[in-house]
Structure formats: C-alpha cells, structure tokens
Number of protein chains: 2
Amino acid sequence: MSEARSSQPARLGVHFLIAQIGAHAAAKFAERLETLHLTPPQGGILGMINRKDGLSQQTLADLLGMFPSRLVLMLDELQASGLIERRTHTTDRRTYALHLTANGKKALQAIGRIARQHEEAVCAALNENERQILASLLSRIAEEQQLRPGVHPGYRRLEKRGEGQ
Amino acid sequence: MSEARSSQPARLGVHFLIAQIGAHAAAKFAERLETLHLTPPQGGILGMINRKDGLSQQTLADLLGMFPSRLVLMLDELQASGLIERRTHTTDRRTYALHLTANGKKALQAIGRIARQHEEAVCAALNENERQILASLLSRIAEEQQLRPGVHPGYRRLEKRGEGQ
DNA sequence: TATTGTTATACTCTATAACTATA
DNA sequence: TATAGTTATAGAGTATAACAATA
C-alpha cells in the first residue's frame with residue numbers, strides 16, 4: 001500500500017492489480033469447472049497428459065513442479081472418473097504410461113469451452129484490440145519472469161504459502 | 001488449454017496469463033516480506049488499519065471479507081509483535097478500537113519500500129509508458145469485475161479453493 | 001544401489017460452532 | 001435478545017519420510 005497517503009484510493013501498483021485480478025480469475029474459473037466436477041489442477045493435468053501423451057508420473061510431476069506423492073492421489077481420482085488410464089510400460093514394469101481416455105478427451109474439450117466463456121467474462125471491460133495489447137504485455141512479463149508457458153505456479157511447492165495484500 | 005492443437009505453444013488466454021503471473025507475483029512478494037517477518041495478509045491488515053484508524057475487529061473482518069475468528073489470531077500476533085494495539089472503546093466495552101503503534105507505522109513504510117522494489121522486478125520487461133498502459137487496462141478490468149480497491153480476494157472465503165490449470 | 005510409484009504421518013490453515021462478556 | 005470478541009474442534013490440503021517392487 002506504499003502510496004496510500006491517508007485514506008484515499010491511492011494509485012495501485014501493477015503487481016498488486018495482477019495478483020488481485022489473478023486470484024479472482026482463478027477462483028471464478030474454479031467455480032466454472034465445478035459444473036464438470038473438476039478442479040483447476042485436475043484440468044491442468046489433463047491438458048499436460050494430452051500434450052505429452054504416454055508420459056510417466058515422475059515426468060508429469062516434474063513438468064508441473066508438484067510432488068509425486070501428491071500426484072498419485074489426483075491421478076487415482078481421474079482414473080476412477082474414467083478420464084485417464086495408467087498403461088503398464090512395455091519394458092520397464094515400474095513405470096506407468098499415462099493416457100487420456102475417450103471421456104478424458106471429451107472433458108478436455110469441455111474445459112476449452114468453459115475457458116473461452118471465462119476469457120470473455122474476465123475481459124468484458126476491454127475491446128478486441130485492447131485484449132491483444134494486454135495479452136502482449138502480459139506475455140512479455142511471463143517470459144521475462146521465466147514462467148513456463150501453460151504451467152500455473154499453483155502446483156509448485158514454495159517455502160511459505162502466501163496470498164493477500 | 002482450450003486452444004492447444006496437439007503439442008505446440010498455443011496462444012494463451014488473458015485470464016490464464018493473469019492467474020499465472022498473479023500467483024507468481026504474490027509468491028515472490030511473500031518471499032520479500034519474510035525479511036520483515038511478515039506475511040501478505042498481515043501487511044494487508046496493517047494497511048487497512050492505517051486507512052481506517054480506530055476501526056473495530058468486526059468492521060475490519062467485513063472490509064477484508066475474512067472470518068472474525070481468523071482475524072483474532074492474526075491480530076494477536078501483530079499485537080505480540082508490537083505493531084498494533086487494541087484500545088478499549090470508550091462507550092462500548094465489548095469492542096476494541098484498532099490502531100497502529102509507532103513500530104507499526106515504520107513497518108508499513110518498510111512494506112511500501114519492498115512493494116516498490118517488487119513492482120520494479122515484476123515490470124522489468126516493460127518501459128514506463130507500457131507500465132502505465134498495463135495499469136490502465138488492469139484497473140478497468142478490476143473495476144468491471146467489482147473488485148474492492150486494495151483488497152486481495154485471498155482473504156475471502158470461497159466455496160472451493162482452487163488455483164492451477 | 002538407484003528409481004518408480006505408493007502409503008503413512010504430521011503439520012498447517014481455516015471454517016464452523018460453541019462460549020463469554022457486554023449491551 | 002442481540003452483538004463483539006474469543007476459544008475449541010474438526011476438516012481439508014499437502015509436504016515429508018518411510019516403504020515395496022523393479023531395474
């Protein structure tokens with residue numbers, strides 16, 4: 001709140017606006033996904049398996065930056081829901097090869113439709129030209145901050161967890 | 001991941017970029033605050049008490065959208081650290097009036113300095129003109145989405161907690 | 001001996017509800 | 001009886017470490 005004088009609006013920093021809107025957008029997106037009985041992390045896992053078909057749990061955990069032990073439980077759920085399958089590896093019997101099922105691919109398409117609705121809602125204040133400018137500026141920040149494209153830091157383990165302010 | 005064809009970069013939506021960068025920025029800001037032995041929610045509480053000097057715990061909880069029971073423990077810590085004080089209300093002996101101590105005001109100034117450093121780091125990819133454009137676009141989204149200026153949704157209780165995707 | 005996946009445990013965070021003291 | 005603040009409890013989420021099977 002640095003710039004706050006005494007009790008007025010105060011010019012808010014970009015970092016705060018991004019954190020604020022980002023948390024809001026993530027929460028709203030989670031609400032939308034509930035209609036599919038899915039959580040955002042589950043959606044991210046489906047997307048990653050789609051992109052790297054047949055990858056192992058270890059590789060998936062590395063790509064998303066999450067602990068393998070956490071991944072096991074989430075994959076159990078997705079498997080029980082019939083969205084993914086664990087195929088036994090041909091040569092190495094320790095590892096599984098992860099794949100989307102037909103229903104998993106359908107779910108991913110449904111997530112895509114929801115994401116487009118969500119994008120429209122979040123950007124309602126801006127016209128098409130402004131949205132492109134915004135996407136361009138944000139992409140440059142994401143690149144400079146070395147964020148992995150398409151990977152949300154929410155998976156990551158960070159020393160202390162903090163949101164707010 | 002909607003727009004992902006098969007295995008390539010794919011154009012990322014604004015909503016995702018904001019959520020991704022926002023989570024990253026919030027985590028990094030939390031790291032910076034650790035040097036002051038403070039968490040982001042604590043910083044937000046200090047800022048709000050500064051803006052609404054003498055407010056009650058109930059009012060503060062309402063403003064931040066957090067449960068009063070959660071607030072009690074955080075205020076206990078801030079009081080133990082000597083950053084705030086609970087003065088007894090003159091007429092109503094049930095309520096406390098919350099104030100910053102001298103050390104609390106110093107801490108708030110230190111937070112301001114850290115926030116400016118953080119702003120510089122987050123926006124490193126952009127020049128001054130671009131930062132103003134970005135701030136303007138984000139402010140319009142925040143307003144249209146009816147986010148309270150200066151209040152991070154991280155305080156709020158939402159049905160299900162979700163990040164990721 | 002190292003690696004993949006799993007299970008078990010412990011810890012943190014926070015919502016809920018019960019409680020007290022004032023009004 | 002209603003309200004401000006507090007305390008207590010229970011539940012969710014997740015990091016850590018120990019473990020079994022395989023290489």
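These values consider heavy atoms only, across backbone and side chains, with no hydrogens, waters or symmetry-generated copies. Per chain, numbering begins at 1; letters A, B, ... match sequence-line order.
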Side chain to side chain donor-acceptor pair (under 3.5 Å) filter on A/Asp92, not counting sequence neighbours, yields A/Arg94
Over how many whole Å does the gap from B/Leu98 atom CG to D/dG5 atom C1' extend? 11 Å
List in chain and number order the residues that pass side chain to side chain donor-acceptor pair (under 3.5 Å) with A/Ser136, two or more places apart in sequence or in another chain; answer none if no residue qualifies. none
B/Glu77 CD - C/dT14 C1' separation (whole Å): 13 Å
Measure from CG on A/Asp76 to P on C/dT6 and round the result to the nearest Å. 6 Å
Whole-Å distance separating the NE2 atom of B/His89 from the P atom of C/dA23: 11 Å
Using atom names, set out every protein N or O paired with an N or O of nucleotides 10-12 of chain C below 3.5 Å, distance rounded to 0.1 Å.
none

Taking only side-chain N and O atoms of A/Gln58, does any of them lie within less than 4.0 angstrom of OP1 or OP2 on C/dT3? no
What does nucleotides 17-23 of chain D look like as a protein-contact string, B for base, S for sugar-phosphate only, - for none, at under 4.0 angstrom between heavy atoms? B----BS
In whole angstroms, how far is the P atom of C/dT16 from the CG atom of B/Leu71? 16 Å
Quick one: which residue pairs count as a ring-ring contact (aromatic ring centres under 6.0 Å, His included) with a foot in residues 86-143 of chain A, not counting sequence neighbours? A/Phe29-A/His118, A/His118-B/His15
Round to a whole Å and report the spacing from CG of A/Leu75 to C1' of C/dG5. 11 Å
Could you tell me which residues satisfy salt bridge (charged side-chain N to carboxylate O under 4.0 Å, His left out) with B/Arg140, sequence neighbours excluded, listed by chain and number? A/Glu130
How far apart are the closest heavy atoms of B/Arg32 and B/Ala121, and which atoms are they? NH2-CB, 3.3 Å
May I ask you to verify if any side-chain N or O of B/Arg86 is less than 4.0 angstrom from the OP1 or OP2 atom of D/dA4? no
Taken in chain and number order and not counting sequence neighbours, the residues that satisfy salt bridge (charged side-chain N to carboxylate O under 4.0 Å, His left out) with A/Glu144 are none
In a table with atom names and distances, give each donor-acceptor pair under 3.5 Å that connects a side chain of residues 71-84 of chain A to protein atoms at least two apart or in another chain.
unit_1  : atom_1 : unit_2  : atom_2 : d
A/Asp76 : OD1    : A/Arg86 : NH2    : 2.2
A/Glu77 : OE1    : A/Gln42 : NE2    : 2.9
A/Gln79 : OE1    : A/Arg86 : NE     : 3.1
A/Gln79 : OE1    : A/Arg86 : NH2    : 3.3
A/Ser81 : OG     : A/Glu77 : O      : 3.0

Pairs flagged by ring-ring contact (aromatic ring centres under 6.0 Å, His included) wherever residues 37-65 of chain B is involved - sequence neighbours left out: none
